[in-house]
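Data block below; observations after.
For the single chain, residues carry numbers from 1 onward in sequence order. Read the numbers this way: they start at 1 and go in the same order the structure lists the ligands and their atoms. Side-chain atoms are counted along with the backbone in the values below, which use heavy atoms only and exclude waters and symmetry mates. These numbers were taken from a predicted model, which means no experiment stands behind them.
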Amino acid sequence: MKTIKFFSGQELPVELHKVRIVQKLFLKPIEERFEAIEEGGYNTFLLNTKDIFLDMLTDSGTNAMSDNQVSSMLQADDAYAGSQSFYRMESALQEVFNKKLLLPVHQGRAAENIISQVFIKEGDVIPMNYHFTTTKEHMEINGGKVLEIYTDEALKIKSDFLFKGNIDIQKLRDVIAEYGKDRVAFIRMEASTNLIGGQPFSIQNMREVREIADEHGLMVVLDASLIGENAYFIKQREEEFKDASIKEILHTMTGLSELVYFSSRKVSSTRGGGICTDDNDLFLKMRDLVPLYEGFLTYGGMSVREIEAMAVGLYETTDETVINQSPSFIKFAVEKLDSLGIPVVMPAGALGCHVDAKDFLSHVPQEEYPAGALAAALFIVSGCRGMERGTISSVRDEHGNDILADVELLRLAFPRRVFTLSQTEYLIDRVNWLYQNRELVGGLKFVDEPPVLRFFMGRLAPTSDWPQKLIAKFKEDFGESL
Ligand code: F0G
């Protein structure tokens with residue numbers, strides 16, 4: 001992807017790839033989209049892709065693979081133990097992350113399970129820039145408490161602070177002083193911090209965290225699921241690294257952490273995941289859990305074909321023109337939506353465009369899940385599927401009350417190299433229409449609420465007949481069209 005200046009004066013992201021395999025999409029009429037969301041309990045996770053036009057739920061496992069990735073799958077070496085495919089992936093990781101030892105796992109949360117079981121004991125705390133849903137659940141199951149120590153800028157929707165993923169250094173010192181270093185299991189830094197809008201941290205911040213960790217003998221654990229994008233933002237935004245290669249930046253980041261874990265569903269556009277380290281003692285502490293939960297140490301629950309594609313995908317993560325595709329489209333969408341007065345997380349981050357549902361639907365109380373309602377409403381009026389990242393993705397307290405999320409976001413993910421600019425324009429147009437008609441959208445309530453990670457399987461219903469009113473207005477404006 002390269003942003004090119006046009007004769008018209010416009011600057012647009014232009015693809016440095018051509019599309020050679022495509023998948024047919026359908027844009028169903030609004031009544032059918034309404035039926036689909038009713039059947040799915042107003043939860044976009046429960047939709048069937050046959051009813052979806054643009055699937056912007058996530059970039060996880062949905063990025064487009066390259067020709068080199070697909071062709072590498074043909075040379076996969078089927079073997080339970082000692083597969084050549086594994087050694088090729090191990091070499092790729094050694095080169096790209098500069099860590100010697102690798103434990104393969106079937107996806108990112110499997111790494112979280114192993115790390116949490118091994119390094120967290122009852123009563124421990126884990127300071128971090130921000131939690132991720134599955135990360136927090138694994139840490140709590142193992143008796144740990146997540147402490148989010150983000151900076152004051154992190155949750156501001158519109159900010160010009162370029163590193164909203166930074167850890168607040170003073171808060172980190174305070175946490176260690178309050179709990180004592182023995183109760184701090186480790187410090188976790190998440191690259192391109194997902195739940196606050198795909199926001200990066202700086203190397204300078206990571207160095208400061210490292211310094212404090214060293215003072216107290218603490219371990220720094222890096223969630224590298226979105227490390228490529230974080231490295232790209234560092235190159236764009238941190239003066240010291242403007243001429244550095246992406247690989248040099250990746251090495252600097254991984255070099256500041258003892259443990260690096262990742263979801264390959266994001267970082268290398270495949271499936272799977274892994275944990276890397278240079279420390280043999282740490283490696284041995286975790287090693288025996290891999291055959292127990294994942295599979296033998298040379299496949300870790302992945303197919304050998306995925307492992308081959310993962311190796312190639314990891315090398316491609318060092319190519320700026322590959323990893324900047326999603327951030328460039330997100331920036332395009334964010335700036336356009338902002339110019340239309342629509343509240344979006346700024347600066348534009350990684351993985352998706354994040355609409356601020358609290359502001360967009362300011363008449364919907366947070367107890368009625370504005371981000372979930374916005375996700376459902378956008379699906380009805382456009383066929384675009386986003387993901388709720390707000391209170392539905394949170395939990396209840398011991399009295400059964402919702403713990404209201406810090407931010408109510410509708411995430412519209414841009415998987416790498418999947419959508420075109422005209423599809424992005426369609427999305428922007430429908431979000432804008434919805435914004436002009438926002439007073440028609442009401443809230444949601446749970447009708448079936450699972451106790452753990454309720455956002456995945458929970459079913460909800462509208463608090464009034466607002467979807468019917470929204471559909472009537474849509475038809476008035478667009479006729480009986482789509
Ligand atoms: N860490 C981060 C920062 C993630 O974004 C994810 C997944 C995981 C860990 C877990 O990895 O899915 O392979 O088990 N994020 C996906 C998303 C699910 O849609 O943002 P996983």
Does Arg265 offer a backbone N or O that forms a donor-acceptor pair with the side chain of Ser269 under 3.5 Å?
no
Centroid-centroid distance, Phe86 to Tyr299, less than 6.0 Å
no
Please tabulate, for side-chain N and O atoms in residues 96-110, each donor-acceptor pair with protein atoms closer than 3.5 Å (sequence neighbours left out).
from: Lys99; atom 1: NZ; to: Thr254; atom 2: O; distance (Å): 3.0
from: Lys99; atom 1: NZ; to: Ser257; atom 2: O; distance (Å): 2.8
from: His106; atom 1: ND1; to: Glu294; atom 2: OE1; distance (Å): 2.6

So, Thr44 and Glu388: side-chain donor and acceptor under 3.5 Å apart, yes or no?
no
With sequence neighbours excluded, tell me which residues meet side chain to side chain contact (heavy atoms under 4.5 Å, CB included) with Val364.
Leu361, Glu368, Pro370
Using the side chain to side chain contact (heavy atoms under 4.5 Å, CB included) criterion, which residues pair with Gln117? Sequence neighbours excluded.
Asn113, Asn142, Leu289, Tyr293
Protein neighbours of ligand 1 with a heavy atom under 4.0 Å, given by chain and number, are Thr58, Ser60, Gln107, Gly108, Arg109, Glu112, Phe132, Thr134, Glu190, Asn194, Asp223, Ser225, Ser263, Arg265, Lys266, Met387, Arg411
